[in-house]
Structures are given as C-alpha cells and as structure tokens.
**Student:** 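Dumping the structure here so I can ask a few things about it.
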Protein chains: 2
Amino acid sequence: MIRLNRLTDYAIVVLGQLAQGDSESRTAAQLAQDSGVPLPTVSKVLKMLAHGKIITSQRGVSGGYTLARPAVLITVADIIAAMEGPIALTACVDGASGGCEVETLCPMRGNWDKVNRAIRDALTAVTLQEMLTVPAGFDPFPLARPPRGLAAAQ
Amino acid sequence: MIRLNRLTDYAIVVLGQLAQGDSESRTAAQLAQDSGVPLPTVSKVLKMLAHGKIITSQRGVSGGYTLARPAVLITVADIIAAMEGPIALTACVDGASGGCEVETLCPMRGNWDKVNRAIRDALTAVTLQEMLTVPAGFDPFPLARPPRGLAAAQ
DNA sequence: ACCAAAGAGGACCGGATTAGTACGATATAA
DNA sequence: TTATATCGTACTAATCCGGTCCTCTTTGGT
C-alpha cells in the first residue's frame, strides 16, 4: 500500500467542494463545515493548494478561495505535487551521493526513474473533474483490504 | 513525493543481489554483507519476500534464499505488493465504512480506483530484470534534491 | 541420536514524521 | 478605521515505521 498523506486526501475532498461551487469564492470556514474537516486543518490544506497554484486566494473581509482553473484542467498529479512535492517513489533515486550508503553496491540506481515516469503519467491522466463524476452503479468499496500493516498483511 | 517504505527499497537491492547470483542459494548473512544492510533487517525483508512468493527459502543447515522465478518474471508491482500489501493510494478507497468520517460528504469515493489501476499497471510494466540493467550513459542523479536524512543506517 | 546452522515468527523500543493547533501579522472592503 | 478573513510560522502530541532481539522450528552432518 503506497501511502499518500492524509492531507492530500483532504485536499481532494476540499477541491471537490470548491469545484461544485460554480467558481464562487468560499471561505475556509465554509469549506471546513461542508467537508467535516476541522478548520485549522482545512486552512493548512488550502494554503498549500494556493501555494501550488491550484487555487487562488482572496484576502480581506470578503475573501475566500477559488479554483485557479476549471476542474478539467486540474490533474491528480497537480494536486499531489502541490501537497507532497514532486511525484516520485522515494529511493536512492532522489540524488545526493551522500544519501544512499549502499550506493556503490546497488546495481540499479537511476532505474527508478522509469517507474517514476510511469506513475507520473498515470496520475496526470486523471483530472479533478473525473474524480468528481461518480460512475453510475459503482461499488463504493471495491477492495476489502486488511487493516494496514505490512507484517500483519497476508 | 509518494513514499514507499525503506524496506521496499532494501528489498529491491537484495533481490538485485539474488538475481546476480546465478540462481544459487544465498544465506541471509551473505546478502547482508553484500548489500551493506544490517543482518536483522535483511532477514526481515527476506522473510516478507518469501511470504510474498517472490523468493523461496530453504531452511536447515545449508539453507538460504533463491528467486522463486527468473528476474524477468518479477515485476516491481510484485515486490511492492509483497512488501507493502496491495498497491493503492491510501484514501477513503480502502473500504470499511467506519474508516472515513466524511464519507457521506465526499463526492468522489471510489474514483481513486481509476488512479490506483493506472499506477498498478505502471508498476507491473517494469520488471526486476529491467531495474538491474543500467542503461548506457545514464545520469545517476537526475534530480538534484537535498538528501532526506537517512538515519545513518550504515 | 545429537548438535550446529539457518530460517520463521513475533514482540518490542526509539526515532522520525505528520497531523493538528495556536497565535500574530497582513490585506481588504465597508 | 474597523471588522473580517487569509498568510505565515512555530509548537505539540500522536502516530507510524524502521530496526533489533529473542525464541522456536527445520534440516543436514557427525
């Protein structure tokens, strides 16, 4: 199970709220209430998204947040990148010769790149809009997975 | 940055060692020495891989580990699945109605499935063999980013 | 039959990461 | 000028994960 941060999850939810709002400006408080996520946390998420240029913020008395562009043009890759930095599986890949101690022994430095690119492409192919449109008659709980835990798993 | 466990990283390295060994049996101690990873940790990794049917183990006095099948037939998806459980981005996706508190509000439960499938496909497309063969003249450090403190694990 | 080697399995602990909170600063419209 | 709402940063608590240790089981050799 590859984990992405809970905040990223929230980000998607919040963006969903924003996308439904007909491009109207919504305050952090509104979004917090609508999403059920505590205000400070939503605020944090919104800040990160604004930083990543996914949404725009308007300060001041009647301020709020708006999608920076239509939901169709926002990809999951964009969102994840905003929330977690560049999309890549963490490994020796991430540079800096000092970082990986078994560097000289590891026969495959750099080949993660291929994997990373594949994943990046996969994530770029899905837009926020697609995440919002729930297909008719889909199964809400596709995989019944064991609680997390690698050792406990299987 | 999507994180996969450090153990998964080790798994790839260790499997690399195994793949080079002409299908000979190697003990955990040997692999630990060759990979530079502490024995208990390597042992744990090997156990998990054996559990996932990636490698086979032979107990007893002249025991050891061997790849369960040729490196060409072992995909990165297999390895990650063995180390971290089913491949999916953690989200409301992962079932159990109690798990997600904003469930009723979240307009996009289940659409992660599309993303997950894409990622799974991407990972399945890369084999251990491919990870081993370093392309001629590749750049060892494609992205220059600060090293993540690796806890000085020898 | 016994002993040594090697893996299997589980429990445990410390450290690192992250979620969540709080507070002060800044901008804006009325 | 004041009320409102975001911005930015610092801090704390809880969770998760990597790593280690210990004991049991299996197996081959003596």
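First the proteins, then the strands, lettered A, B, ... as listed; each starts at 1. Hydrogens, waters and symmetry mates are skipped; everything else that's a heavy atom, side chains included, is used.
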**Student:** Whole angstroms only, please: what is the CG-C1' distance between D9(A) and dT18(C)?
**Tutor:**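 So the CG-C1' distance, D9(A) to dT18(C), works out to 15 Å.
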**Student:** Between dG20(C), dG19(D), dT6(D), which nucleotide has the shortest distance from any of its atoms to the side chain of Y65(A)?
**Tutor:**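 The nucleotide sitting nearest to the side chain is dT6(D).
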**Student:** Base, sugar-phosphate, or nothing: which does L7(A) touch, judged by heavy atoms less than 4.0 Å apart?
**Tutor:**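 It contacts sugar-phosphate atoms only.
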**Student:** Closest to the T27(B) side chain: dT20(D), dA6(C), dT18(C)?
**Tutor:**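 Of the options given, the side chain of T27(B) lies nearest dA6(C).
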**Student:** Return the set of residues passing side chain to side chain donor-acceptor pair (under 3.5 Å) with T8(A) (not counting sequence neighbours), or none when no residue passes.
**Tutor:**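 With neighbours one apart ignored, the set is E84(A).
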**Student:** For a quick check under 3.5 Å, do D121(A) and T124(A) share a side-chain donor-acceptor pair by atom type?
**Tutor:**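 Side chains of D121(A) and T124(A): no pair found under 3.5 Å.
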**Student:** Rounded to whole Å, please give me the gap between CG in L46(B) and P in dA6(C).
**Tutor:**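 Atom CG in L46(B) sits about 14 Å away from atom P in dA6(C).
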**Student:** State, yes or no, whether a side-chain contact exists between I74(A) and I79(A) at a heavy-atom distance under 4.5 Å.
**Tutor:**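 Counting from C-beta outward, I74(A) and I79(A) do come under 4.5 Å.
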**Student:** Report yes or no: does R120(B) contribute a side-chain atom to a donor-acceptor pair with the main-chain N or O of V115(B) at less than 3.5 Å?
**Tutor:**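 Checked: no pair found.
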**Student:** Start at the 5' end of DNA chain C and walk down; is the nucleotide closest to R26(B) or to T8(A) reached first?
**Tutor:**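 Of the two residues, R26(B) wins.
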**Student:** How many Å lie between CG on L18(B) and P on dG7(C), as a whole number?
**Tutor:**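 L18(B) atom CG is separated from dG7(C) atom P by 11 Å.
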**Student:** Can you identify which nucleotide, out of dT21(C), dG9(C), dC7(D), has its nearest atom closest to the K47(A) side chain?
**Tutor:**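 Selected nucleotide: dC7(D).
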**Student:** May I ask you to say what A28(B) touches in the nucleic acid, namely base, sugar-phosphate or nothing, with a heavy-atom cut-off under 4.0 Å?
**Tutor:**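 Sugar-phosphate, no base atom in range.
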**Student:** Taking only N/O atoms, report every protein-nucleotides 28-30 of chain C pair under 3.5 Å with atom names and distance.
**Tutor:**
from: dT28(C); atom 1: O2; to: V61(A); atom 2: N; distance (Å): 3.3

**Student:** Among dT18(C), dT6(D), dA8(C), which is the nearest nucleotide to the side chain of S57(A)?
**Tutor:**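 When the side chain of S57(A) is considered, dT6(D) is the closest of dT18(C), dT6(D), dA8(C).
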